[in-house]
Amino acid sequence: MTFRPSDPFNIADYFLVDRLTEGRGDRRAIVSPKGELTYAEVDALANRYGNVLLRNGVRPEERVLIALPDGPEFVAALFGTLKIGAVVVMLNPHIKPDEIEYFFRYTRATALFVDTDRAPFFRSVAGRIRGEGGPGADSSVPGILVVDDEAFVERLAAAPAELETFPSHPDDPAIWLFSGGTTGHPKGVVQTHTSFANTTECYAKEVIGYREDDVTLSVPKLFFGYATGSNLLFPFAAGATAALWGDRCTPASLLDAIERFRPTILVNVPTMINQLLGADDLATRDLGSLRLATSAGEALPAELHRRWNEAVGVDLLDGLGTAEMWHVFLSNRPGDVVAGTLGREVPGFEVRVRDDDGADLPDGEVGWLWVRGNSRALGYWQQAEKTREAFRGEWYVSGDMIVREDGVFRYCGRGDDMLKVKGKWLSPKEVENCLLEHEAVSEAAVVGAPNAEGLIQAVAWVIPGEGVVLEELADVLRTHVASRLASYKAPAVVNIVEDLPRTHLGKVDRGELRARTAL
């Protein structure tokens with residue numbers, strides 16, 4: 001299946017305004033610690049935000065930065081931006097000053113939404129850029145709109161609650177996403193209005209089956225494309241309810257949120273699944289509202305999936321997506337879950353496993369992931385060479401390595417994470433899953449490093465479980481892996497640590513681990 005939008009087409013209508021046209025304006029759209037908003041109330045608030053942007057001189061196709069915690073303001077800022085035909089660029093509100101400067105200069109955004117808690121950091125960077133002067137200084141500094149500032153609240157109240165949606169072309173840029181690489185600056189992935197609607201039709205409706213009576217709750221925050229879809233756009237397309245909370249996610253706060261908001265769909269990531277399963281009071285908490293959970297963003301080990309099934313007992317749907325193809329295109333299905341796999345292709349997408357020359361590989365052989373479908377990005381902003389490398393005709397060529405076996409796909413790792421040990425491919429994920437099978441291990445990451453002879457060997461970094469005695473644990477774990485996997489897959493070194501470095505998306509920073517590794 002392929003979604004073919006009409007021209008003009010703006011996803012502000014598709015995800016929000018159409019709910020009012022359907023007569024569902026009085027349905028609950030958002031629930032948060034600040035209260036509830038109906039679809040009609042969200043639309044009116046978004047219109048006010050859009051009108052404030054227009055009065056600030058923001059024009060169609062210009063970028064607008066949103067650096068807000070999850071809540072009604074984020075949603076209104078997003079749809080208000082889309083409604084005037086401008087382009088949404090979402091940022092983690094807690095990024096560091098040097099990252100703020102990079103995004104200011106890279107996006108050349110004309111406006112920024114932020115709250116009073118984070119405004120001083122953004123204003124400080126803006127002041128420094130202005131102080132430098134020179135060509136382009138002003139164009140690198142957006143107009144800063146502080147959503148909970150008294151002056152902005154007054155402007156918002158005075159702005160009209162009506163706004164006609166800009167007639168965007170289906171191929172116009174709608175939202176920028178950012179690649180989740182572990183080195184260098186993130187690349188801006190320019191996604192179109194069509195992409196967001198297409199994946200909603202193919203994945204949210206055909207695979208997950210979002211329903212009007214669903215309530216969604218997400219561990220990742222809305223600035224992360226996985227959550228933008230699963231905890232905002234997808235429920236809005238179904239007339240369902242998105243539960244939004246801006247607190248830092250911990251096992252305790254997540255369990256509290258589940259009991260408070262009673263979600264039917266939990267949007268999760270493996271790191272938090274692991275932490276949640278280690279919560280002392282998990283067995284006594286009420287998770288009965290859940291009908292399913294999803295996992296994405298990083299590989300979900302089969303052992304972790306087994307523990308989830310044992311402790312929680314609702315379908316956990318692992319899948320794979322990328323910013324370049326916006327969201328999930330490989331997924332397990334409700335009632336059809338194969339633990340340790342990514343499931344099958346989402347309708348409307350075609351996935352191939354190919355060698356270095358682009359030739360198809362037979363089932364059982366590890367190769368590069370190629371995917372095509374109607375959610376492909378336009379390319380990387382100001383990255384022509386990398387765009388040519390990744391986007392080849394209809395296909396997006398990922399840096400991920402996968403294998404197809406028994407009709408389902410398994411994730412092997414990023415190409416630059418895969419290891420060639422003794423002339424054979426080694427998947428870090430396979431070793432990590434084996435380590436997790438040991439009761440003493442809470443979390444594990446495996447990277448490659450050269451030994452004294454310059455040959456690559458596997459090195460493991462392990463967070464032990466609470467109360468685990470550390471004496472000789474490294475040797476025990478090496479023996480554990482060697483007894484279950486081929487001998488060359490056993491880590492040469494096992495480092496026992498309290499924590500692992502993370503990227504801006506919360507994934508394990510393997511580049512940093514490689515830098516720390518010494519055999």
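Using a distance-only test at 3.5 Å, with no hydrogens or angles considered, a donor-acceptor pair links the side chain of N332 to the main chain of D318.
Listed by chain and number, the residues in a side chain to side chain contact (heavy atoms under 4.5 Å, CB included) with V146 are V114, T116, A119, R123, I144, D148, D149 (sequence neighbours excluded). W370 pairs by the side chain to side chain contact (heavy atoms under 4.5 Å, CB included) definition with R352, R354, W368, R392, W395, V397, not counting sequence neighbours.
Residues F9 and F3 place their aromatic rings such that the two centres sit under 6.0 Å apart. Y203 has its ring centre less than 6.0 Å from the ring centre of H327.
Under 3.5 Å, the side chains of D171 and T192 contain no donor-acceptor pair of N or O atoms. A donor-acceptor contact under 3.5 angstrom links the side chains of T264 and D214, judged on distance only. A donor and an acceptor atom, one from each side chain of S398 and E324, are nowhere located under 3.5 Å apart. Side chains of K221 and N92: no donor on one and acceptor on the other come within 3.5 Å. Between the side chains of T165 and D13, at least one donor-acceptor pair of N or O atoms lies under 3.5 Å. Using a 3.5 Å distance cut-off with no hydrogens or angles, the side chains of Y49 and E73 do not pair a donor with an acceptor.
Using cut-offs of 30° and 60° for the angle between ring planes, the Y210 and F234 rings count as perpendicular. Using the six-membered ring where Trp is involved, F196 and W326 have ring planes that are tilted, between 30° and 60° apart. Ring pair F152/F113 is perpendicular by interplanar angle, where above 60° counts as perpendicular and below 30° as parallel. The aromatic rings of F178 and F103 sit perpendicular to each other, their planes meeting at more than 60°, with 30° as the lower class boundary.
Within 6.0 Å of CG in D406 there are 12 or fewer heavy atoms belonging to other residues, nucleotides or ligands.
Electrostatic pairing of D315 and R333 does not count as a salt bridge here, judged by no charged N lying under 4.0 Å from a carboxylate O. Salt-bridge formation is not detected for the pair R19/D43: no Lys NZ or Arg NE/NH1/NH2 atom is positioned less than 4.0 Å from an Asp or Glu carboxylate oxygen. Ion pairing between R24 and D18 fails under the 4.0 Å rule for side-chain N and carboxylate O. Between E62 and R59 there is a salt bridge, with a side-chain nitrogen of the basic residue lying less than 4.0 Å from a carboxylate oxygen of the acidic one. Between E41 and K34 there is no salt bridge, since none of the side-chain N atoms of the basic residue sits less than 4.0 Å from a carboxylate O of the acidic one. With respect to the salt-bridge test (charged N to carboxylate O, under 4.0 angstrom), the residues R307 and E303 do not qualify.
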Residue pair S218, Y226: steps toward the side chain to side chain donor-acceptor pair (under 3.5 Å) verdict: CA-CA 9 Å; S218 178; Y226 169 39; over 6 Å; no
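Across R414 and D400, no two heavy atoms sit closer than the pair CD-OD1, 3.1 Å. When all heavy atoms of G319 and V328 are compared, the closest pair comes out as CA-CG1, 4.3 Å. Across all their heavy atoms, L222 and N231 have their closest contact at CD2-O, 4.2 Å. Taking all atoms of both residues into account, the shortest heavy-atom contact from V267 to P220 is O-CD, 3.6 Å.
In this structure, OG1 in T341 is found 11.5 Å from CD1 in I402, a value given to the nearest 0.5 Å. Note: T81 OG1 to F166 CZ = 14.0 Å, rounded to the nearest 0.5 Å.
A ring pair (Phe, Tyr, Trp, His ring centres under 6.0 Å) check over residues 61-90, counting only residues at least two apart or in different chains, returns the pairs F79-F236.
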